[in-house]
Amino acid sequence: MTLVKESGGPASAPGRQAQTQFKGRKRYGELIIITVLRSAAILTVLTTIGIVLALLIPALGFFQQVPVTDFLFGDRWAPRFADASFGVIPLITATIWTTCIALLVAIPIGLGAAVLLSEYAKPGLRKVLKPILEILAGVPTVVYGYFALTFVQGTIFRDWLKLETGAFSVLAAGLVMGVMIVPTIASISEDAMNAVPQSLRQGSAALGANRMQTSIRVVFPAALSGIVAAVVLGVSRAIGETMIVALAAGNQARIVGGPLEEGQTMTGFIANAALGDSRVGSLEYDTLFAVGLLLFFVTLLINFISIQFVRRFREEY
Amino acid sequence: MTDPTTTTPATTQGSSHAAAASAGATSTGTGTGATPASESGIDGMGPNNTSPTADSNLTDGADILHQQPGMTVHLTGRAASEALPEKPNGIIRCEDVNVYYGNFRAVTGVNLDFGFNEITALIGPSGCGKSTLLRSLNRMNDLVEGARVEGKVTFQGADMYAPEVDAIEVRRRIGMVFQKPNPFPKSIYDNIAYGPRVTGMKVSSMDDLVEEALTKAALWTEVKDKLKQSAFGLSGGQQQRLCIARTIAVKPDVILMDEPCSALDPIATVRIEDLMHDLRKEYTIVIVTHNMQQAARVADRTAFFTALADEGTGDRTGVLVEYAKTSKIFESPDDQRTEDYISGRFG
Ligand SMILES: Nc1ncnc2c1ncn2[C@@H]1O[C@H](COP(=O)(O)OP(=O)(O)OP(=O)(O)O)[C@@H](O)[C@H]1O
Ligand SMILES: [Mg+2]
């Protein structure tokens with residue numbers, strides 16, 4: 001009783017006063033906005049959970065029939081054959097080839113373009129180049145795919161360079177995929193570098209650093225988290241890119257030993273199989289989801305590694 | 001601050017000079033202990049006050065200051081042996097310098113010589129082009145879009161805007177400290193080591209160089225145990241001293257400072273002013289300041305700028321009004337505008 005009195009008594013007097021003084025109207029507009037934003041956030045989370053479940057349930061069906069170890073470590077991928085085999089290694093090798101080739105193209109060119117735009121280009125040039133870059137990012141991938149198949153593989157590799165290669169190669173697919181990713185990496189890392197305060201560049205210049213030194217030693221580390229985000233997005237796009245590899249990398253699932261060989265990537269298989277006539281609930285159908293789930297985990301892992309990397313090396317301003 | 005004897009006599013004097021001295025005394029009062037009492041003491045006042053009219057106000061001020069050992073450094077600074085020459089010897093020399101931003105002429109017709117191992121203050125109302133002129137003294141204006149310098153700026157006799165001159169080399173010889181502390185997002189150690197590394201200085205021991213620079217910037221004792229920590233963990237005043245240390249580390253000849261204390265509290269300000277006095281032995285310093293007391297305390301010479309309407313365009317452009325020894329500028333300026341500005345009637 002005393003306790004109630006003590007807390008309620010002296011405190012309530014000014015409290016009541018304050019209440020009467022500040023009694024205001026409810027801000028309905030704000031309430032609506034908060035509700036809308038909150039629903040958007042919840043919707044995003046629900047969608048993600050939905051995707052994971054949609055992948056997980058059929059994939060679990062798959063793994064009831066095929067042991068996980070056979071799937072992950074088997075080196076023969078032949079889901080449609082009579083003596084079906086579900087070793088995913090061939091798909092992984094093709095994905096690694098196309099992704100690495102793409103990144104070898106996209107990271108240096110993308111980051112170079114970003115440094116050029118943010119550190120060297122005059123504002124006028126920047127205003128012109130940046131939108132062009134962003135338009136490039138919007139070209140449909142099927143266009144890139146046919147470009148890789150007919151021009152890069154067909155015309156350049158076979159007709160001009162007379163390379164010993166078939167109708168498809170992971171090199172052609174990877175190179176074109178790299179070009180496709182350049183704008184993504186360039187644009188996002190340029191934004192990050194542009195956000196680095198001008199005062200840091202001035203400080204560096206005042207010590208006798210040239211532009212390149214300032215870019216590499218001050219701007220780059222300061223923008224690292226944005227740059228890594230750009231690269232990770234690039235990696236994710238490379239791994240997840242479907243149309244280009246489906247068209248130009250080939251659809252023979254076998255272990256890829258060199259850049260001029262053809263091979264089916266994980267996404268290439270999904271695209272191919274999805275076009276086929278596998279019955280819902282069949283083992284072949286579930287295979288799609290097992291590979292999809294694997295892709296999902298790989299992307300997740302890359303994101304996780306990148307976060308650790310940024311934590312370790314970021315120079316936050 | 002707590003010692004009444006330092007403040008009361010000064011405040012009883014109505015004149016602005018005394019007020020200036022008083023503000024000086026009070027703020028150093030808080031910083032006493034940071035500064036060792038100068039042996040040169042009040043003697044240094046002699047050569048600095050060559051004008052026979054060295055008026056009673058300032059003498060009074062100096063007397064007050066004499067009670068504060070730390071303060072003697074501030075108004076006198078210079079030992080008798082290194083008397084301030086009548087004319088600056090012109091380690092940096094501006095001849096008819098105009099600075100433009102696009103078509104807008106921000107600074108017009110400046111002729112100004114800076115003295116070797118002297119502290120020169122640039123004062124004047126906001127927008128009169130002090131920062132603009134300062135940036136043209138080490139070609140920092142090259143980084144500003146549309147900025148263009150006309151006329152001649154020489155460093156040790158060499159035209160620093162000559163086509164064959166490398167702006168980067170100019171900036172290595174003439175460093176700059178900015179208004180807002182701008183440490184790099186790196187460790188304290190790396191902040192200092194950055195300049196020597198990028199300029200390819202031959203350094204026998206980077207550790208020693210870092211220690212030397214931090215010691216000169218009066219920061220060593222505060223940070224020696226956390227050299228590997230981020231510079232962003234330092235206070236504003238420490239960050240500014242770090243930026244000064246960083247500048248010292250590349251061993252420039254001249255240090256330009258653009259309102260280096262404007263973001264700092266009085267104690268940190270006093271520390272930096274003390275530091276400038278120490279640095280003068282080895283470096284030439286040019287400082288832009290809005291703080292009259294600061295100019296009076298630290299500068300050997302003071303240049304007063306103002307903005308005038310251009311006859312042609314009507315744009316306001318910065319001009320040099322008066323340049324003389326600080327004592328003269330603050331005691332008996334030739335130009336009425338200087339007097340008005342110093343005494344707070346204008347600007
Ligand atoms: N980057 C710029 N582009 C265009 N005009 C500028 C630029 N920087 C300064 N100015 C103009 O040049 C004139 C002088 O500016 P400056 O910064 O040199 O003045 P200041 O004397 O340093 O002023 P403050 O005391 O407020 O710092 C001002 O009219 C300003 O608007
Ligand atoms: Mg300024």
Side-chain angles (χ1 to χ4, degrees), chain A residues 114-130 189-230 307-317, chain B residues 131 134-135 137-146 166-187 190-201 213 230-233 239-240 242-252 254-258:
Chain A
V115 170
L116 183 82
L117 277 181
S118 135
E119 306 302 311
Y120 286 85
K122 293 227 158 64
L125 184 65
R126 193 175 165 267
K127 273 204 199 95
V128 178
L129 283 182
K130 192 97 199 277
S189 40
E190 199 269 344
D191 284 340
M193 285 163 48
N194 216 34
V196 173
Q198 202 60 31
S199 65
L200 292 183
R201 293 186 184 89
Q202 288 174 349
S204 173
L207 292 171
N210 61 32
R211 260 177 211 242
M212 205 16 111
Q213 290 167 327
T214 303
S215 314
I216 291 175
R217 293 176 180 238
V218 174
V219 178
F220 208 85
L224 190 70
S225 56
I227 291 170
V228 169
I307 289 169
Q308 298 302 318
F309 179 85
V310 168
R311 280 225 183 104
R312 173 92 176 64
F313 292 106
R314 175 172 50 177
E315 295 184 346
E316 208 172 4
Y317 52 85
Chain B
S131 303
L134 195 73
R135 281 197 299 267
L137 300 182
N138 73 340
R139 295 194 56 175
M140 282 300 283
N141 270 341
D142 291 14
L143 305 185
V144 178
E145 185 68 18
D166 181 9
I168 288 161
E169 183 58 19
V170 171
R171 291 187 210 117
R172 209 192 66 65
R173 305 284 297 275
I174 307 173
M176 191 163 199
V177 175
F178 299 83
Q179 179 166 358
K180 232 174 114 248
N182 57 348
F184 301 127
K186 298 175 186 293
S187 71
D190 287 340
N191 260 276
I192 308 289
Y194 179 83
R197 281 177 186 151
V198 295
T199 52
M201 265 170 69
S230 167
F232 280 38
Q239 287 187 7
Q240 193 63 303
L242 180 72
C243 291
I244 294 175
R246 183 173 83 177
T247 307
I248 294 170
V250 293
K251 305 199 191 301
V254 182
I255 303 175
L256 309 176
M257 300 183 171
D258 194 349

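This is a predicted model, so every value here is computed, not measured. Just so you know, these numbers use all the heavy atoms, side chains as well, and skip hydrogens, waters and symmetry mates. Each chain gets a letter, A, B and so on, in the order its sequence line appears, and its residues count up from 1.
- Both the backbone and the side chain of A:Gln202 come within contact range of chain B, judged by heavy atoms closer than 4.5 Å.
- When the heavy atoms of residues 177-184 of chain B are compared with those of chain A, the residues falling under 4.5 Å are B:Phe178, B:Asn182, B:Pro183, B:Phe184, listed by number.
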Under 3.5 Å, which donor-acceptor pairs link side chains of residues 138-145 of chain B to any protein atom two or more places apart or in another chain?
residue, atom, partner, partner atom, Å
B:Asn138, OD1, B:Met140, N, 3.3
B:Asn138, ND2, B:Ile174, O, 3.1
B:Arg139, NE, B:Asp142, OD2, 3.1
B:Arg139, NH1, B:Met160, O, 2.9
B:Arg139, NH2, B:Asp142, OD2, 3.0
B:Asn141, OD1, B:Arg135, NE, 3.2
B:Asn141, ND2, B:Thr132, O, 3.3

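- Between B:Ile168 and A:Gly208 the shortest heavy-atom distance is CG2-O, 3.2 Å.
- A:Val196 has its side chain out of reach of B:Pro185: every pair of non-hydrogen atoms, C-beta onward, lies at least 4.5 Å apart.
- Identified under the side chain to side chain donor-acceptor pair (under 3.5 Å) test for residues 208-222 of chain A, with sequence neighbours left out: A:Ser204-A:Thr214.
- Closest heavy-atom contact between B:Thr199 and A:Leu207: CG2-O, 3.4 Å.
- A:Tyr120 meets the ring-ring contact (aromatic ring centres under 6.0 Å, His included) test with no other residue; sequence neighbours excluded.
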